[in-house]
Amino acid sequence: NLFAGGERKPAAPAGALGNADVRLPAYGPAASRRSGPPSVDVALAPVLDERRDGVGALIGERTTIGNISLGMIRLTPPPAQAVAGVLQAEFEAMGWRVAADAPVRVAAKITDFRVVTPATALYWDINGTVELELRATKPGGQDRVAKIRSTCTDRTFVYPGDSLIAGVVQACLKNIGSRLRDDAAWAAFVEGR
């Protein structure tokens with residue numbers, strides 16, 4: 001790594017070039033809404049990843065001016081695992097007990113989970129989108145679907161590194177949790193109210 005003049009070329013900052021390896025901390029929901037015993041038992045099926053434009057841990061591409069690729073964006077844990085953590089934590093915060101043999105079954109599928117980084121001469125936008133479909137099914141076959149979508153943006157005047165991208169993904173997941181808590185009709189169906 002030498003310039004033509006024989007000087008050492010400075011090393012690029014960690015995560016600055018190439019693929020982005022975005023690591024999320026464990027999800028922490030808002031404070032519990034309930035106290036006392038669980039109001040309902042729910043079985044949470046494995047989260048399905050049904051994105052059209054995503055595979056496994058890949059959630060997008062970091063780009064610069066002219067839509068030139070700077071590498072792929074990879075998420076740890078992968079989207080299905082991250083969403084499962086959100087749902088488990090939020091259900092417990094709502095006062096529900098998650099148990100494999102529960103009579104009410106909740107199935108979730110991810111229909112969108114991506115990050116893009118369009119750039120101008122002055123800044124990058126980091127745009128995240130997460131979209132889920134939740135289906136609660138009772139023993140008699142009755143079901144109720146909830147569709148939850150979150151879009152989040154951060155603007156940066158420095159290179160969109162892994163930690164900035166992680167912040168946008170975390171904001172989208174927190175927003176998904178908030179929207180889930182605010183869906184009173186879906187919660188009432190699950191709880192049998």
Side-chain angles (χ1 to χ4, degrees), residues 22-60 73 75-116 126-154 165-193:
V22 176
R23 299 188 185 282
L24 294 180
Y27 178 82
S32 178
R33 290 189 338 189
R34 301 216 170 128
S35 60
S39 59
V40 67
D41 291 350
V42 296
L44 180 58
V47 175
L48 300 176
D49 188 345
E50 295 190 0
R51 298 173 290 156
R52 289 185 304 268
D53 299 329
V55 177
L58 296 178
I59 61 169
I73 301 170
L75 184 68
T76 302
Q81 191 177 338
V83 167
V86 170
L87 296 177
Q88 172 101 22
E90 290 294 345
F91 289 172
E92 289 172 358
M94 292 165 70
W96 301 353
R97 185 172 71 91
V98 178
D101 60 346
V104 178
R105 180 176 171 84
V106 177
K109 65 180 175 181
I110 301 170
T111 53
D112 198 357
F113 196 121
R114 63 190 152 96
V115 174
V116 295
I126 304 170
N127 300 324
T129 302
V130 177
E131 185 176 82
L132 305 177
E133 182 179 297
L134 296 172
R135 179 179 303 272
T137 306
K138 292 189 172 181
Q142 306 161 297
D143 67 355
R144 174 77 51 98
V145 173
K147 293 184 180 180
I148 304 172
R149 179 178 174 86
S150 175
T151 57
C152 303
T153 297
D154 190 9
I165 295 170
V168 170
V169 174
Q170 285 177 286
C172 279
L173 292 175
K174 291 256 185 217
N175 190 265
I176 288 288
S178 173
R179 290 173 185 257
L180 176 61
R181 287 189 305 274
D182 291 344
D183 192 335
W186 192 78
F189 174 82
V190 171
E191 293 177 353
R193 293 186 274 127

Pair V169-I59, side-chain contact (heavy atoms from CB on, under 4.5 Å): steps then yes or no: CA-CA 10 Å; V169 174; I59 61 169; 4.1 Å; yes
Between Q170 and P25, is there a side-chain heavy-atom distance shorter than 4.5 Å? yes
Looking at A45 and A107, what are the two nearest heavy atoms and their distance? CB-CA, 4.2 Å
Those residues at least two apart in sequence (or on a different chain) that pass side-chain contact (heavy atoms from CB on, under 4.5 Å) with T129 are D112, R114, R149, T151
Rounding to 0.5 Å, atoms CZ (R51) and CD1 (I110) come to a distance of 6.5 Å
To the nearest 0.5 Å, what is the distance between CD (Q81) and CG (D49)? 12.0 Å
Note: C152 and C172 closest approach over all heavy atoms is SG-SG, 2.8 Å
If I compare all heavy atoms of G128 with all of V168, which pair ends up nearest, and what's the gap? N-CG1, 3.6 Å
From T111 atom OG1 to I148 atom CD1, the distance as rounded to the nearest 0.5 Å: 10.5 Å
Please check this pair: side chain of K138 against backbone of F189, looking for a donor-acceptor N/O pair closer than 3.5 Å. yes
Could you tell me which non-hydrogen atom of A43 sits nearest to which non-hydrogen atom of A100, and how far apart they are? CB-O, 3.7 Å
Using 0.5 Å steps for rounding, measure from the CD1 atom of I165 to the CG atom of L75. 10.5 Å
Taken to the nearest 0.5 Å, the spacing of E191 CD from M94 CE works out to 6.5 Å
Chi angles and distances behind the side-chain contact (heavy atoms from CB on, under 4.5 Å) call for L87, L180: CA-CA 9 Å; L87 296 177; L180 176 61; 3.9 Å; yes
Determine whether the side chains of Q88 and Y27 contain a donor N or O and an acceptor N or O closer than 3.5 Å. no
Side chains of E90 and W96, donor plus acceptor under 3.5 Å: no
Distance in Å, L132 CG paired with K109 NZ, rounded so as to fall on 0.5 Å steps: 11.0 Å
Closest approach of G56 and P79, non-hydrogen atoms and distance? O-CD, 3.3 Å
Side-chain contact test, heavy atoms from C-beta onward, threshold under 4.5 Å: evaluate it for V190 versus F91 and give yes or no. no
I need the minimum non-hydrogen distance between A166 and L24, along with the two atoms involved. O-CD2, 3.9 Å
Keeping W186 on the side-chain end and R144 on the backbone end, is there a donor-acceptor pair under 3.5 Å? yes
